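All ligand and atom numbering here is 1-based and tracks the order in the structure. Given the structure is predicted, the values throughout are model-derived calculations rather than measurements.
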Amino acid sequence: MGLNLSWPCSQLKEVLGDCSADGSVLVSCTSEKLELLSGLVAQKNMPQENVQLNSGLYAFLFLYTSILGYKPGKAVVTSELPMGSGLGSSASFCVALSGALIALSEGFSLKTKEKKDQFSFRKNDLELISKWAFEGEKIIHGKPSGIDNTVSTFGNMIKFKKELKTTNPMMPLNSTTPLKMLITDTRVGRNTKSLVSSVSERVLRHPDTMSSVFNAINSISDELALLVESPAEYKVEVSEKEEKLKELMQMNQGLLQCIGVSHESIETVVRTTMKEKLVSKLTGAGGGGCVLTFVPTLLSAAVTEKVISELEQCGFRCFMVEVGGPGVQVFPC
Ligand SMILES: Nc1ncnc2c1ncn2[C@@H]1O[C@H](COP(=O)(O)OP(=O)(O)OP(=O)(O)O)[C@@H](O)[C@H]1O
Ligand SMILES: C[C@@](O)(CCO)CC(=O)[O-]
Ligand SMILES: [Mg+2]
């Protein structure tokens with residue numbers, strides 16, 4: 001981001017007071033602490049165009065001082081994800097940071113894999129990292145569900161249901177077929193926090209209707225989870241499965257539009273891809289940001305290129321990805 005900021009450890013201690021930093025003991029950021037953190041950031045007089053980064057800096061200072069205390073250190077952050085675009089950049093940032101800080105914290109030892117210089121976290125550590133990252137997400141985004149930090153930590157595909165308080169809210173899915181998606185970044189900036197609160201306001205205005213829409217979205221998620229785990233061995237089975245997936249994505253986009261998180265730019269992507277019978281849905285909080293287009297196994301390269309070129313002519317940016325991947329990993333430098 002081209003920012004280079006530093007705070008003397010003595011100043012952090014003076015402003016934030018004595019703390020018994022311990023990576024294994026989770027704490028939440030209180031509003032008083034947030035006020036102190038915002039004071040530390042405000043004195044850097046950052047340019048106005050960077051103001052949206054402030055919440056990330058509060059999360060950074062909170063996680064750093066809560067896990068490592070006032071130990072001196074240098075953190076360099078680089079990212080390939082577009083920020084504030086619905087790809088979970090805020091959670092990835094918090095997970096990567098928490099992972100690195102936990103790995104450096106006292107009394108912590110990483111499990112060494114056979115491969116030289118590659119380390120891995122134990123399951124309990126991953127849970128801890130995800131929880132710390134959730135605390136960071138709360139600073140950035142107000143009321144996160146926990147889905148983004150969970151996926152960023154554990155990787156692969158996860159079915160996540162926030163209300164499952166009694167049991168684990170997450171269930172890893174064993175996907176039987178690779179899923180390819182075209183990501184289109186509309187480059188329309190938006191903010192997860194304000195989008196989520198606009199949905200809450202709509203819920204207050206139309207509680208019954210919104211509740212029915214949420215139920216429908218829940219059923220789509222359940223159906224999708226079953227679908228991705230169902231085996232498909234033959235071409236015909238694969239294409240049947242893909243048709244169902246397309247239909248679920250299409251219905252999901254319709255419902256997301258209904259709760260007010262679509263955007264003109266998102267609808268442009270939906271219409272452009274629809275010309276080639278491809279289905280798209282917004283991702284993350286919506287309101288602009290990124291859109292996912294499902295890429296069927298047998299889609300020809302010519303059609304893919306045609307769609308990408310048309311989307312790029314609208315000023316959008318496209319990336320081809322496969323769903324799933326590893327979660328948090330640590331490599332010593
Ligand atoms: N790599 C990063 N480094 C520092 N801060 C970051 C980084 N990524 C995200 N942030 C912080 O998070 C904010 C964006 O979070 P937001 O939740 O709105 O977007 P997102 O996570 O990309 O999208 P979504 O939550 O919808 O998937 C940024 O304005 C910044 O404060
Ligand atoms: C929009 C949202 O569902 C994901 C943001 O990437 C919000 C959340 O679950 O915290
Ligand atoms: Mg986010």
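Those atoms of ligand 1 with a heavy atom of Leu53 less than 4.0 angstrom away are 31 (O). Near Gly284, with a cut-off below 4.0 Å to any heavy atom, the atoms of ligand 2 are 1 (C), 6 (O). Distances below 4.0 Å separate heavy atoms of Pro144 from the following atoms of ligand 2: 10 (O). Applying the 4.0 Å criterion to heavy atoms of Ser55 picks out, from ligand 1, the atoms 31 (O).
Residue-level proximity to ligand 1 for Ser92 is absent, since no heavy atom of it falls below 4.0 angstrom. Of all the heavy atoms of Thr192, the ones lying under 4.0 Å from any atom of ligand 1 are found in both the backbone and the side chain. With a heavy-atom cut-off of 4.0 Å, Leu87 touches ligand 1 through its backbone alone. Contact annotation: for Lys193 versus ligand 1, there are no heavy atoms closer than 4.0 Å.
Distance check, rounded to the nearest 0.5 Å: CG of Leu179 to CD of Glu322 gives 8.0 Å. To the nearest 0.5 Å, atoms SG (Cys318) and CD1 (Ile308) are separated by 5.5 Å. In this structure, OG1 on Thr153 lies 10.0 Å from CD on Glu127, to the nearest 0.5 angstrom. The SG atom of Cys29 sits 9.0 Å away from the CG atom of Leu36 when rounded to the nearest 0.5 Å.
Closest protein heavy atom to atom 3 (O) of ligand 2: Ile147 CG2, 4.5 Å. The protein atom (non-hydrogen) at minimum distance from atom 15 (O) of ligand 1 is Ser90 CB, 3.3 Å. Nearest to atom 1 (C) of ligand 2 among the protein's heavy atoms is Ala285 CA, 3.5 Å. Closest to atom 19 (O) of ligand 1, if we only count protein heavy atoms, is Gly84 CA, 3.1 Å. Nearest protein heavy-atom contact of atom 20 (P) of ligand 1 is Ser89 N, 3.7 Å. Among protein heavy atoms, the minimum distance from atom 7 (C) of ligand 2 is reached at His141 NE2, 3.6 Å.
Heavy atoms from other residues, nucleotides or ligands lying under 6.0 Å from CD of Glu276 number more than 12. At most 12 heavy atoms of other shown residues, nucleotides or ligands fall within 6.0 angstrom of atom NZ in Lys244. Atom CD of Glu312 is surrounded by more than 12 heavy atoms from other residues, nucleotides or ligands within 6.0 Å. Counting non-hydrogen atoms of other residues, nucleotides and ligands closer than 6.0 Å to CD of Glu49 gives a total above 12. By the 6.0 Å contact criterion, NZ on Lys306 is open, its count of non-hydrogen atoms from other residues, nucleotides or ligands being 12 or less.
By the 3.5 Å distance cut-off applied to N or O atoms, Asn191 is not counted among the residues near ligand 1. Polar contact check, Pro82 against ligand 1: no nitrogen or oxygen pair lies under 3.5 Å apart. Looking at ligand 1, you won't find any N or O of Val77 less than 3.5 Å from one of its N or O atoms.
Taking each of Met83, Gln52, Glu80 in turn, the one with a heavy atom nearest to atom 7 (C) of ligand 1 proves to be Met83. Of all the listed residues (Ser79, Gly88, Gly284), Gly88 holds the heavy atom that lies closest to atom 27 (O) of ligand 1. Scanning Ser145, Gly289, Gly142, Gly88 for the heavy atom closest to atom 8 (C) of ligand 2 points to Ser145. When the heavy-atom distances from atom 1 (N) of ligand 1 to His141, Met1, Glu137 are ranked, the shortest goes to Met1. Around atom 4 (C) of ligand 2, the closest heavy atom drawn from Thr192, Val261, Asp148, Leu282 belongs to Asp148.
Ligand 1 has at least one atom lying under 4.0 Å from a heavy atom of Arg190.
A salt bridge links Glu135 with Lys138: the closest approach of a Lys/Arg side-chain nitrogen to an acidic carboxylate oxygen falls below 4.0 angstrom.
Connection of Leu128 to Val151 is established within a shared hydrophobic cluster, with ILVMFWY side chains joined at heavy-atom distances below 4.5 Å, either directly or through further cluster members.
Not one N, O or S atom of Thr192 sits under 2.8 Å from the Mg ion (ligand 3).
Each of Lys281, Gln257, Gln253 was evaluated against Ser262; a single residue qualifies, Gln253, per the side-chain hydrogen bond (donor to acceptor under 3.5 Å, both in side chains) test.
What you find for Ala285 and Val261 is that their closest heavy atoms are O-CB, 3.4 Å.
No donor-acceptor contact under 3.5 angstrom links the side chains of Ser55 and Lys193, judged on distance only.
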